[in-house]
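Working notes for the structure below.
All values below come from the heavy atoms of this structure, side chains included, with hydrogens, waters and symmetry mates left out.
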Amino acid sequence: MTHEFLRLAGVRYPIVQAPMLGVTTPEMVAAVAEAGGLGSLPVGGLSPEKTEELIRQTRKLTSKPFAVNLFAHRIPEMPELQAMREFLDDLAGDLGLAVSAELPARHYTYSDQIEVLVREQIRFVSFTFGVPDDEALNRLRENGAVLNGTATSLKEALYLDEKDVQVITVQGIEAGGHRGSFLEEEPLPQVGLMALLPTVADRIQRPVLAAGAISSGKSACAAMLLGAAGVQVGTLFVGSHESRAIAAWKEQLQRAVDTDTVLTRAFSGRWARGLRNEMQETIEASGIPIPDYPFQNSLSTALRQEAQRRDDGRFTNLWAGQNPFRAPMEPAAAIIRQLVEEMKSLELKNKVFIE
Ligand SMILES: Cc1cc2nc3c(=O)[nH]c(=O)nc-3n(C[C@H](O)[C@H](O)[C@H](O)COP(=O)(O)O)c2cc1C
């Protein structure tokens with residue numbers, strides 16, 4: 001299955017740099033692509049214009065293939081927002097920040113972006129938070145794109161398999177950032193990678209990528225022993241030179257310990273894993289119902305952006321997986337090289353993992 005994945009993705013190594021909206025830059029994607037991995041450009045929820053601009057910027061930096069990543073959720077009815085809006089405005093006021101909690105003129109979805117991906121001839125399209133509708137999937141397929149969905153349970157993986165999605169990323173509960181769960185959000189699937197990966201790999205005859213706290217050649221090889229065709233690595237790249245994460249975020253990762261991450265809906269209205277901080281704790285302690293994604297995400301954006309501008313890690317999301325302290329402050333290409341070298345040295349003993 002590793003060979004099948006490498007063929008489908010057109011890359012040398014079975015290592016995917018996870019798409020990380022707000023962190024991944026075209027420079028990161030290009031550096032990973034040039035180093036032989038699969039770089040992933042996140043465009044979830046962006047306008048068609050911004051999507052096109054980022055794809056073109058990446059293409060200027062590399063002629064190698066890369067993935068483009070969409071959010072495939074549906075937008076729910078607008079919930080009651082006033083209490084949360086007032087709470088966030090008061091919080092910003094207490095901090096002396098001149099920002100207010102607003103919704104954007106519109107929320108974009110994948111259906112606004114499909115034509116851009118088709119026009120730009122994107123050959124590898126990954127998605128999370130659900131599955132695009134059949135019309136969108138067919139449009140991408142007819143254009144020659146390989147499809148890669150995200151599953152957080154066996155049921156979701158079987159659903160993707162049924163939809164003929166060629167590559168399935170299984171996201172363990174260890175993973176940093178948003179949960180990709182889409183069939184059963186309540187209760188949220190909380191399966192660890194160690195359990196989920198072999199369960200899915202045994203049932204599905206397709207390349208399966210493993211995501212969640214993979215932070216060394218050893219853990220990557222362990223995932224491949226459990227049936228993964230390749231690995232998808234996020235947090236390890238958050239500290240990289242090409243990352244847009246603020247300095248406070250990168251530094252906090254270095255000091256973090258294994259118990260510092262928590263799952264929260266406080267920032268966006270969707271479950272996500274990040275370093276525990278003041279904004280998350282304050283919102284949760286308020287007891288105010290947190291509006292569903294994307295509404296809470298939009299309401300909290302102005303405050304988070306202002307905190308980022310001030311390099312203040314207390315009032316913005318600090319997404320990280322359960323191995324946060326392993327994220328090195330190095331070029332992305334060096335991170336890929338290190339993973340490859342570690343995997344190769346393990347291969348000397350086992351002769352199975354990587355070519
Ligand atoms: C900062 C950050 C942002 C993320 N954004 C996205 C995203 O835009 N799209 C996506 O499919 N996954 C996203 N993820 C989840 C990753 O695809 C992946 O599941 C996760 O990073 C794996 O766990 P790890 O961070 O422990 O390596 C994000 C993860 C992080 C850490």
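A cation-pi arrangement is not found for R304 relative to F267, the charged atom failing to lie both closer than 6.0 Å to the ring centre and inside a 45° cone about the ring normal.
Using a 4.5 Å cut-off on side-chain heavy atoms (C-beta onward), D112 and R106 make contact. Between V43 and K50, every side-chain heavy-atom pair lies at or beyond the 4.5 Å cut-off. A 4.5 Å side-chain heavy-atom check between Q296 and I283 finds at least one atom pair inside the cut-off. Using a 4.5 Å cut-off on side-chain heavy atoms (C-beta onward), I55 and I122 make contact. Between P207 and Q166 the shortest side-chain heavy-atom distance does not fall below 4.5 Å. Counting only heavy atoms from C-beta outward, the side chains of N148 and F127 never approach each other to under 4.5 Å. Between L103 and M78 there is a side-chain heavy-atom pair separated by less than 4.5 Å. The side-chain heavy atoms of T235 and S215, taken from C-beta on, include no pair separated by under 4.5 Å.
Formation of a donor-acceptor pair under 3.5 Å by the R273 side chain with backbone atoms of I173 is found in this model. Using a distance-only test at 3.5 Å, with no hydrogens or angles considered, a donor-acceptor pair links the side chain of R123 to the main chain of N143. A donor-acceptor contact shorter than 3.5 Å links the side chain of E174 to the backbone of L193. Not one N or O on the side chain of R203 forms a donor-acceptor pair closer than 3.5 Å with the backbone of L154. No donor-acceptor distance shorter than 3.5 angstrom exists from the side chain of S219 to the backbone of I214, with no hydrogens or angles considered. A donor-acceptor pair under 3.5 Å is formed between the side chain of R265 and the backbone N or O of I290. Between the side chain of W249 and the main chain of D311, no donor-acceptor pair closer than 3.5 Å is present. With E156 contributing its side chain and L183 its backbone, the two residues share a donor-acceptor pair below 3.5 Å.
Shortest non-hydrogen contact noted between A151 and I168 is CB-CG2, 4.2 Å. T24 approaches P19 most closely through the heavy-atom pair OG1-C, 4.0 Å. Contact between A31 and E242 at its shortest, heavy atoms only, is CB-OE2, 3.8 Å. Smallest separation of non-hydrogen atoms from G313 and N277: O-ND2, 2.9 Å.
Between H73 and Y293, the gap from one ring centroid to the other is short of 6.0 Å. You'll find the ring centres of F295 and H107 inside the 6.0 Å limit. Ring centers of F71 and F129: under 6.0 Å apart, within the cut-off.
A donor and an acceptor atom, one from each side chain of N69 and S40, are nowhere located under 3.5 Å apart. Residues T152 and S181 have side chains that bring a donor and an acceptor to within less than 3.5 angstrom of each other. For the residue pair S298 and E102, no side-chain donor N or O sits within less than 3.5 Å of a side-chain acceptor on the partner. Side-chain atoms of T316 and Q308 form a donor-acceptor pair, as typed in the model, at a separation below 3.5 Å. Using modelled atom types, one finds no donor on one side chain facing an acceptor on the other under 3.5 Å when comparing S268 with N317. With hydrogens and angles left out, the side-chain atoms of R244 and T25 include no donor and acceptor closer than 3.5 Å.
Within 6.0 Å of the CZ atom in R59, the count of heavy atoms belonging to other residues, nucleotides or ligands exceeds 12. Around CZ of R141, the count of heavy atoms belonging to other residues, nucleotides or ligands within 6.0 Å exceeds 12. Heavy atoms of other residues, nucleotides or ligands lying less than 6.0 angstrom from CE of M329 number more than 12. Other residues, nucleotides and ligands contribute at most 12 non-hydrogen atoms within 6.0 Å of the CD atom of E162. Annotation for F87: atom CZ counts as buried by contact number, over 12 foreign heavy atoms lying within 6.0 Å.
In the hydrophobic cluster analysis, where Ile, Leu, Val, Met, Phe, Trp and Tyr join through side-chain heavy atoms closer than 4.5 angstrom, F325 is grouped apart from V262.
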Trace of the side-chain contact (heavy atoms from CB on, under 4.5 Å) decision for S240 with E330: CA-CA 5 Å; S240 70; E330 285 175 14; over 6 Å; no
